[in-house]
Structure formats: C-alpha cells, structure tokens
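Heads up: the structure comes next, in structure tokens.
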Amino acid sequence: MAWLTRFLAAVAFLAIGVIFSPETFGSKSDGLNSSKLSPFLKLAHLLCFSTAWGAALWVTFIGGIIMFKNLPRHQFGNLQSKMFPAYFSLVGVCCSIAVGSFAYLHPWKSSSTAEKYQLGFLLSAFAFNLTNLFVFTPMTIEMMKQRHKVEREENIGGEVGWTKNREVAKSNPKLAAMNKKFGMIHGLSSLANIMSFGSLAMHSWYLAD
C-alpha cells in the first residue's frame, strides 16, 4: 500500500496548493486573463509538462544507462519491453494535456509568434511519443524477442554488455542480420525519443524566460 500512501500525499499537497493559491483569495498575478478556469489550466500544463520532462530526462539519460550497465542483457531487455510502453504512454498523455491547456490559454488567432512555436514544439513531442508507442516500440520488442531466442541457442544473453553478442555474431550470420535490423529500429526509436526530449527542452526554455 506504499504507492497509495504516496499518491494520497501528492493529492493532499496539490489540494493545499490550490486552496492557498492567490486566485483562491481573489488576488491574481496576471490581470490579463480573468477566467476562473485559467489557474487550473496553468496548473495542469505545468504539472503535465514537468512530469513529461522529468520522465524523459530520467529514462533517456539516467535510468536506462544504469540498468544497461548493471543488469544481464536479456533481463535488461525484458524490463525495457515492459517499461517503454508505460513510459511513452505517460509522456504522451502528459503532452496531450499540456497541448490542450496551452492551446486554450493561448488561442491561435490572438497568440504571438513565440506562443505558436511553443504549441508546435508540444505537438511535436506528442507526435514523436505516439510514433514510438504505436510504431517503433512494438517493432523493437518483437525484434528483441526473436534475437533473444537465437542468443539462447548460443548460450549467451545472461551477461552484462554486448561483448559476447558481437563475438558470436561474427560466426552467426542470422544473429548478425538480427543485430543490424534491431540496431536500425532501435536507432529510429531513440531518434524519435531525443526529438521529443528536444521539443520539451525548447518549451522549458520558453517557460523559464
């Protein structure tokens, strides 16, 4: 039940933040938008963007690298096959909410050029994540399962790192072909993930300005 305790604690802090926000007491820092919905949309945008940004930062540059360097390769691959669909789903949902709230707060006809660019960056992050979720990730997982089967026949995959795979692939054309195909698909998936991360990075710079 530890997850429930953490969730309830997060909800409690969020509720306290809403209750004691300036808008609750009628004092607004932004006099340009008097909509009662505005502060909640701003909160939704900020929370969803920061969640997507933080998840992308951790998975791309920290968590994945640590796991790869410390887990047996097949165990690492099986874990990634469960984690990445959840990761891309989370970031995709957060991006969609960020896009919707930002578009509502900055209507296209009255928004500035910078705001239009930012909406484009958020849409790009959303699109790249959907591409990964529905195209590249299923292809990568299927290719990984096929390669794992061949590697088990060669009694490799329980080691950490790629050394044994590369050695065996030199004398196993089937494994070498699988490595090449997997590398291509995984490379496209990584590129889409980096493009999504870059789009979110551009939006973070806008928020900090």
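Just so it is clear, the values below take in all heavy atoms, side chains as well, and ignore hydrogens, waters and symmetry mates. Here the structure is a predicted model, which is why all the values come from computation and not from measurement.
A continuous path of ILVMFWY side-chain contacts below 4.5 Å connects Leu79 to Trp162, so both sit in one hydrophobic cluster. When hydrophobic clusters are built by joining Ile, Leu, Val, Met, Phe, Trp and Tyr residues whose side-chain heavy atoms come closer than 4.5 Å, directly or via intermediates, Leu130 is grouped together with Phe84. Follow the hydrophobic side-chain contacts under 4.5 Å out from Ile65 and you never reach Phe68; the two are in separate clusters. Under the 4.5 Å side-chain heavy-atom criterion for grouping Ile, Leu, Val, Met, Phe, Trp and Tyr, Ile194 is connected to Leu133 within one hydrophobic cluster. Under the 4.5 Å side-chain contact rule for hydrophobic residues, Ile97 and Phe88 do not share a cluster.
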Below 3.5 Å, can you tabulate the donor-acceptor pairs from side chains in residues 44-56 to any protein atom, sequence neighbours excluded?
unit_1: His45; atom_1: NE2; unit_2: His203; atom_2: NE2; d: 3.0
unit_1: Ser50; atom_1: OG; unit_2: Leu46; atom_2: O; d: 2.8
unit_1: Ser50; atom_1: OG; unit_2: Leu47; atom_2: O; d: 2.9
unit_1: Thr51; atom_1: OG1; unit_2: Leu47; atom_2: O; d: 2.7

message: The test is side-chain contact (heavy atoms from CB on, under 4.5 Å); show your working for Gln80 and Thr140 and say whether it passes.
response: CA-CA 10 Å; Gln80 294 286 75; Thr140 302; over 6 Å; no
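Crowding of Lys149 atom NZ: a count of heavy atoms from other residues, nucleotides or ligands under 6.0 Å not exceeding 12. For Met143, the CE atom is densely surrounded, since the number of other residues' heavy atoms within 6.0 Å is greater than 12. Shown here is His186, whose NE2 atom has no more than 12 heavy atoms of other residues, nucleotides or ligands within 6.0 Å.
Going from atom CE of Met67 over to atom CD1 of Ile62 covers 11.5 Å, rounded to the nearest 0.5 Å. One finds the NZ atom of Lys170 at 9.5 Å from the CZ atom of Arg166 (value rounded to the nearest 0.5 Å). From Gln75, atom CD reaches atom CG of Asn70 across 11.0 Å, with rounding to the nearest 0.5 Å. Rounding to the nearest 0.5 Å places CG of Leu123 at 10.5 Å from CZ of Phe102.
With Glu142 contributing its side chain and Met139 its backbone, the two residues share no donor-acceptor pair below 3.5 Å. Listed for the Thr60 side chain is no donor-acceptor partner under 3.5 Å among the backbone atoms of Leu57. A side-chain donor-acceptor contact under 3.5 Å links Ser89 to the backbone of Pro85. Between the side chain of Ser189 and the backbone N or O of Ile185 there is no donor-acceptor pair closer than 3.5 Å. Remark: the backbone N or O of His74 is paired with a side-chain donor or acceptor of Asn78 at under 3.5 angstrom. Here the side chain of Glu159 pairs a donor or acceptor atom with the backbone of Gly157 at under 3.5 angstrom.
Residues Val160 and Arg73 have side chains not in contact (no heavy-atom distance under 4.5 Å, counting atoms from C-beta outward). In this structure, Leu119 and Ser111 have side chains that are not in contact, with every pair of non-hydrogen atoms separated by 4.5 Å or more. Proximity of Ile156 to Leu175: side-chain heavy atoms (C-beta onward) are separated by under 4.5 Å at one or more points. Using a 4.5 Å heavy-atom cutoff, the side chains of Leu122 and Cys95 are not in contact. Proximity of Lys42 to Ser101: side-chain heavy atoms (C-beta onward) are nowhere separated by under 4.5 Å.
Side-chain contact of Asn179 with Asn165: a donor-acceptor pair under 3.5 Å is present, judged by distance alone.
Across Pro173 and Ser171, no two heavy atoms sit closer than the pair CD-O, 3.7 Å.
Sorted by first and then second residue, the ring-ring contact (aromatic ring centres under 6.0 Å, His included) pairs with a member in residues 108-135 form an empty list; sequence neighbours excluded.
Under the salt bridge (charged side-chain N to carboxylate O under 4.0 Å, His left out) criterion, Glu154 pairs with no residue at all, not counting sequence neighbours.
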